Amino acid sequence: MKLERYFKKTILRTSREEEEMKEASPSSERPEAPQGILKKCNACKAAIFTEDVKKNYYICPKCHNYFRMHAYRRVELIADEGSFEEWDRQMEINNPLNFKGYPEKIAALKEKTNLDEAVTTGRAKINGIDVVLGICDGRFLMASMGEVVGEKITRAVERATELGLPLILFACSGGARMQEGIVSLMQMAKTSAALKRHSEAGLLYISVLTDPTTGGVTASWAMLGDIILAEPHALIGFAGPRVIEQTIGQKLPKGFQRAEFLVEHGFVDAILERENSKEVLSEILSMHGYGKCYQNTGLREEKDSSAWKAAIRETKITEADQDTTKKTTAWECVQKARKKDRPVAGDYLSLLFPDFIEFHGDRLFGEDGAVIGGIARLGGRAVTVIAEAKGTDTKENIRRNFGMPSPEGYRKALRLMKQAEKFHRPVICFVDTPGAFCGMEAEERGQGEAIARNLYEMSDLKVPVLSIVISEGGSGGALALAVADEVWMMENAIYSILSPEGFASILWKDGKRAKEAAEVMKLTARDLKGLGIIEKIIPEPEEFNAAALPEVCENLITEIEAFLENYSSMEETDRIRRRYQRFRRM
């Protein structure tokens, strides 16, 4: 869906922009364009009609560079027309250090920008959903955070808490305001404390980082969102690039401290394209229970179509029928679980959760492609989905480390589980790993601790948890996503202490006896159900590949919906006690 375009007011130019207009003139001998009609792109240096920039969401139509956006233009971009109610517009700015020239500078900025401070706050609607907004405007002292900026943000957070509303803050700042010294520094603690109370009230905070977000703002409210989004190529960091280069005496690599760098290093959930920002924000709000909740039927919409019927085999295997079918040996199950054309987690996610929104990073060190996580809907119910992912070709296998998670993957999974707990969303995990990554760097970053922490926290997670082993469930690397209310397995999946090859090598000093080991290990779905390790076996067609997956997912949707209905209706204490007893019996 295209975003609505609300651009009515005339843009107020800074002196820097006016200089750019002069530079954009092709020659002093030619007639100059009327002031303000052209805007120069700092990236590609092209001179562009200002009206074209405004119509294109303040994005350069030639190179897609993002121009910095004024606060009220941002309101027009994301808020429903006429819905914004501004709060605390006029507040007195003090001069706690009696800094020479500061009052005069503030007065001049107020006159030039028609702003009273560097942040605009208020209440608005986004596609009909009530939110509290805070938007920084870089024209006012580079949106540095002084006492009034900190106070306005804190008041907005407090009112959002009182009203039970989600909060969205758009950061754009050079950091703490030097002219206000230690008083400015204290705003970092004040805003963070207010956000802690908002979070403890179970409310959603979305932080959107725009260019630039640095210093004390980065080190406080900007990085505390339940969900952190960033505009493409935005500069984000604590110390600025020049400060770092001067300190270490080295040239920084290209892309350092940019939004994409922050995603790769685990600190930003996703890149937010400006042209899609209203729809993405409203979708996230909706998935967190705000506003109208749309029911996503996914595969069900296709169920009665001729295409759907053609995809369904005439004969379906049910779990009750399995005893009458040909028994598959343990080694055959191992081979089927490892087949190259067997569906992987991404295939399941695309069919079961077509509106899945992926979030990235552990907020500690990095992003691990071996674990996919995010939010989606199933039958109109919001859920958190976490999956170990192998990939479908060599290139993707390498990118996802062949489904072997590092500590960052497990910490990302736990972060999303705790977020699900806060917002009362059930968690659905898809397990598919030969085991946790055993490289040197994984050990250096605490692989064992990361897995142990997941087991510890999942044991009493306050929301329903379902784990499904779709192919391989290898050792602690699988268990880290399988401390659940119920564990299910695909009919030919395997789940074991380690691989048959490893088992044979350790116990018999002969990895070639893997086939024999598989029979001894009790690693098939049938064996594990008999041992009480799993609750359910999901039938598979004889040839199980991506083409056959729609049939399986149709069955799986029904089963998962029944699980969610059953476990969501339980008292929280009863559900946690049952989960504890489930493992206590083993």
Side-chain angles (χ1 to χ4, degrees), residues 263-266 269-270 336-362 365-376 378 383-417 419-420 427-439 442 447 450-451 454 458 465-482 484 487-490 492-495 499 538 540 544-546 549 552-553 556 560:
V263 172
E264 182 182 340
H265 286 78
D269 282 293
K336 287 188 175 186
R338 293 173 174 176
K339 277 186 65 178
K340 290 185 177 180
D341 64 347
R342 186 177 176 88
V344 295
D347 299 320
Y348 285 85
L349 266 57
S350 63
L351 281 171
L352 294 170
F353 313 104
D355 56 1
F356 176 71
I357 299 175
E358 184 176 2
F359 294 144
H360 299 269
D362 64 352
F365 177 84
E367 159 64 7
D368 184 2
V371 175
I372 299 172
I375 56 176
L378 187 72
V383 295
T384 288
V385 182
I386 300 166
E388 289 168 319
K390 289 179 177 175
T392 56
D393 54 37
T394 302
K395 184 177 180 180
E396 191 181 4
N397 288 154
I398 293 170
R399 181 169 69 86
R400 298 196 181 281
N401 201 31
F402 295 88
M404 296 183 289
S406 295
E408 300 79 66
Y410 294 118
R411 288 170 179 145
K412 172 172 67 173
L414 183 57
R415 175 177 78 84
L416 295 175
M417 289 180 204
Q419 186 185 95
V427 175
I428 303 172
C429 297
F430 293 85
V431 176
D432 186 12
T433 180
F437 183 54
C438 57
Q447 184 71 289
I451 292 172
N454 277 30
M458 289 181 75
V465 183
L466 171 65
S467 294
I468 306 171
V469 183
I470 59 174
S471 290
E472 288 186 278
S475 192
L479 185 60
L481 293 186
V487 176
W488 301 351
M489 287 179 67
M490 300 305 297
N492 292 309
I494 58 174
Y495 188 13
S499 69
I538 304 299
E540 301 177 10
F544 190 28
N545 51 34
L549 188 58
V552 173
C553 284
L556 201 51
I560 294 174

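The shown structure was predicted, so the numbers you read here are calculated from the model rather than taken from an experiment.
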### Task
For side-chain contact (heavy atoms from CB on, under 4.5 Å), just list the numbers for E358 and L349, CA-CA rounded to whole Å, side-chain angles, deciding distance to a tenth of an Å, and then say yes or no.
CA-CA 11 Å; E358 184 176 2; L349 266 57; over 6 Å; no
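With a 4.5 Å cut-off on side-chain heavy atoms, D432 and Y348 do not count as touching. Residues N492 and K339 have side chains not in contact (no heavy-atom distance under 4.5 Å, counting atoms from C-beta outward).
A distance-only check finds a donor-acceptor pair linking the side chain of K412 to the backbone of V371 [under 3.5 Å]. Remark: side-chain polar atoms of E388 are not paired, donor with acceptor, to backbone N or O of A345 under 3.5 angstrom. With N454 contributing its side chain and I451 its backbone, the two residues share no donor-acceptor pair below 3.5 Å. Side-chain atoms of R400 come within 3.5 Å of backbone N or O of G369 as a donor-acceptor pair. A side-chain donor-acceptor contact under 3.5 Å links Q447 to the backbone of F437. Not a single donor-acceptor pair under 3.5 Å links the side chain of S467 to the backbone N or O of C429. Although no hydrogens or angles enter the test, the distance criterion places no donor-acceptor pair under 3.5 Å between the side chain of D341 and the main chain of A546. Proximity of a side-chain donor or acceptor of R342 to a complementary backbone N or O of I470 within less than 3.5 Å is detected. Side-chain N or O atoms of R415 include one that pairs as donor or acceptor with a backbone N or O of G361 at under 3.5 Å.
The heavy-atom pair separating V427 from A420 by the smallest distance is CG2-CB, 3.7 Å.
For the atom pair OG1 (T384) and CE (M417), the distance works out to 9.5 Å, reported to the nearest 0.5 Å. Interatomic distance, D269 CG to L416 CG, rounded to the nearest 0.5 Å: 7.0 Å.
The residues E540 and K336 are annotated as not salt-bridged, no charged nitrogen and carboxylate oxygen being separated by less than 4.0 angstrom.
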